[in-house]
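Working notes, beginning with the structure itself.
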2 protein chains.
Amino acid sequence: MPDTRPSARELIAAHGGRVTRARVAVLEVLGSAHTPLSHEGIASALEEGGETFDRVTLYRTLEWLVEQGIATRIAGSERAWNFELVDRHGHHHAHFHCQRCGRVTCMEEVAPALAGALPPGFSLAQAELVLHGACAECNRS
Amino acid sequence: MPDTRPSARELIAAHGGRVTRARVAVLEVLGSAHTPLSHEGIASALEEGGETFDRVTLYRTLEWLVEQGIATRIAGSERAWNFELVDRHGHHHAHFHCQRCGRVTCMEEVAPALAGALPPGFSLAQAELVLHGACAECNRS
DNA sequence: TTGCTGATGCAACATTGTAGCATTTGTGCG
DNA sequence: CGCACAAATGCTACAATGTTGCATCAGCAA
């Protein structure tokens with residue numbers, strides 16, 4: 001078993017970028033995450049895996065991933081971005097931000113139908129629907 | 001004509017706050033703006049009107065306005081908040097962020113119907129739909 | 001292996017937002 | 001009106017997030 005997640009290196013190379021330690025590691029972290037991660041979250045996950053990178057490198061790596069269309073960034077809790085891979089689904093789903101526990105959950109179900117609703121002349125590149133409230137777990141307690 | 005915009009002072013007093021220079025000025029700026037404004041935008045507008053305030057005062061004033069339900073803050077361009085009065089419409093409309101000119105436009109028409117679409121257990125406090133693309137004016141050129 | 005260029009790491013800085021605290025200023029009351 | 005008290009302001013200092021410049025390192029191809 002040479003590699004349990006072969007796509008990471010290939011994915012990077014396919015986009016014309018160099019296969020570096022940072023990119024592979026970040027991709028693996030994002031790939032195994034269930035929710036969007038912040039810079040801090042990614043850094044922590046990397047450290048747990050025994051890899052540390054400069055803060056700037058992380059920013060640049062993520063910037064590159066977003067440019068390449070490999071990842072997207074969504075507005076997370078207060079003034080920081082969260083990152084998420086854009087693989088299976090067409091990356092057009094809403095995000096739910098729990099105001100109590102701060103977690104961000106992907107809502108596959110909620111996809112507002114807004115095509116054609118824009119005023120004439122406007123062109124849509126990306127939509128970002130963020131819902132704020134309390135998640136199921138927090139509501140239980 | 002003692003006051004062309006009498007509501008500002010009254011609005012503040014009605015919420016149990018002191019009628020200060022900062023609050024009146026900020027309310028007037030927001031009231032006469034056609035689009036959501038950032039901290040910086042508000043500060044500039046105030047300066048043009050001959051009024052200057054400390055950066056911290058502005059933050060606290062806006063925080064207070066949001067707490068009182070007089071204004072709302074929406075995610076604007078890169079990592080800064082934009083503020084907007086919450087008067088006429090029930091403040092449930094989407095915002096369009098033009099990636100070329102950076103302006104934020106209110107889209108009264110686009111209001112995604114997402115009530116009842118949340119998974120069980122989740123409760124919604126606020127929805128924030130931000131559309132990114134090119135506005136009509138930018139598309140013309 | 002070698003060389004070129006992209007990627008990294010470091011330091012310094014920019015922007016956005018907060019906390020603590022002394023001073024000022026609305027507001028109600030005598 | 002003048003006073004006193006609390007709310008609001010304006011510093012300063014700091015925290016968090018993100019960016020820029022530049023010297024060094026390391027993928028990748030020849």
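Keep in mind it's a predicted model, so treat the numbers as computed, not measured. Excluded from the calculations below are hydrogen atoms, water molecules and symmetry mates; all remaining heavy atoms, backbone and side chain alike, are included. Residue numbers begin at 1 in each chain, while the letters A, B, ... track the order of the sequences.
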message = Please find the pair of heavy atoms, one from B:E51 and one from B:R21, that lie closest to each other, and give the distance.
response = OE1-NH1, 2.9 Å

Side chain B:R18 and base D:dA6 donor-acceptor under 3.5 Å = yes

query = Please walk me through it: do B:L46 and B:L58 pass side chain to side chain contact (heavy atoms under 4.5 Å, CB included)?
reply = CA-CA 10 Å; B:L46 288 173; B:L58 219 51; 3.7 Å; yes

N/O to N/O distances under 3.5 Å, protein versus nucleotides 10-14 of chain D:
from: D:dG10; atom 1: OP2; to: B:D54; atom 2: N; distance (Å): 3.4
from: D:dG10; atom 1: OP2; to: B:T57; atom 2: OG1; distance (Å): 2.8
from: D:dG10; atom 1: N7; to: B:R60; atom 2: NH2; distance (Å): 3.0
from: D:dG10; atom 1: O6; to: B:R60; atom 2: NH2; distance (Å): 2.5

message = Just the rounded figure in Å: distance from P of C:dT15 to OH of A:Y59.
response = 16 Å

task = Check whether any side-chain nitrogen or oxygen of A:W81 sits under 4.0 Å from OP1 or OP2 of D:dT17, and answer yes or no.
result = no

key: Step-by-step side chain to side chain contact (heavy atoms under 4.5 Å, CB included) determination, B:T61 to B:T20   = CA-CA 10 Å; B:T61 300; B:T20 66; 6.0 Å; no

inquiry  = From CD of A:E51 over to C1' of C:dG9, roughly how many Å is that when rounded to an integer?
reply    = 15 Å

query = For B:E40 and B:A13, take the nucleotide of DNA chain C holding the closest heavy atom to each; which residue's nucleotide lies nearer the 5' end?
reply = B:E40

message = Could you tell me how far apart B:I12 (CD1) and D:dA8 (P) are, to the nearest whole angstrom?
response = 10 Å

inquiry  = Tell me the interatomic distance from B:E63, atom CD, to C:dT18, atom C1', rounded to whole angstroms.
reply    = 9 Å

inquiry  = Any non-hydrogen side-chain atom of A:R9 less than 4.5 Å from a side-chain atom of A:V24?
reply    = yes

inquiry  = In this structure, how many angstroms lie between the C1' atom of D:dT19 and the CG atom of A:L58, rounded?
reply    = 14 Å

query = So, does B:S32 use its side chain to make a donor-acceptor pair with the main chain of B:E28 at under 3.5 Å?
reply = yes

query = In whole Å, what is the span from the CD1 atom of A:I42 to the P atom of D:dG18?
reply = 11 Å

task = Please state whether the rings of A:H39 and A:Y59 are parallel, tilted or perpendicular, taking 30° and 60° as the class boundaries.
result = tilted

query = How close or far is atom P of C:dA7 from atom CH2 of A:W64, stated in whole angstroms?
reply = 7 Å

query = Considering only side-chain heavy atoms of A:H39, which listed nucleotide, D:dG18, C:dT18, D:dC28, is closest?
reply = D:dG18

remark   = When rounded to whole Å, the CZ to P distance for the pair B:R23 and C:dT25 reads 15 Å

note = With sequence neighbours left out, the residues meeting side chain to side chain donor-acceptor pair (under 3.5 Å) with A:R55 are none

query = If only side-chain N and O atoms of A:T20 are considered, is one of them under 4.0 Å from the OP1 or OP2 phosphate oxygen of C:dT8?
reply = yes

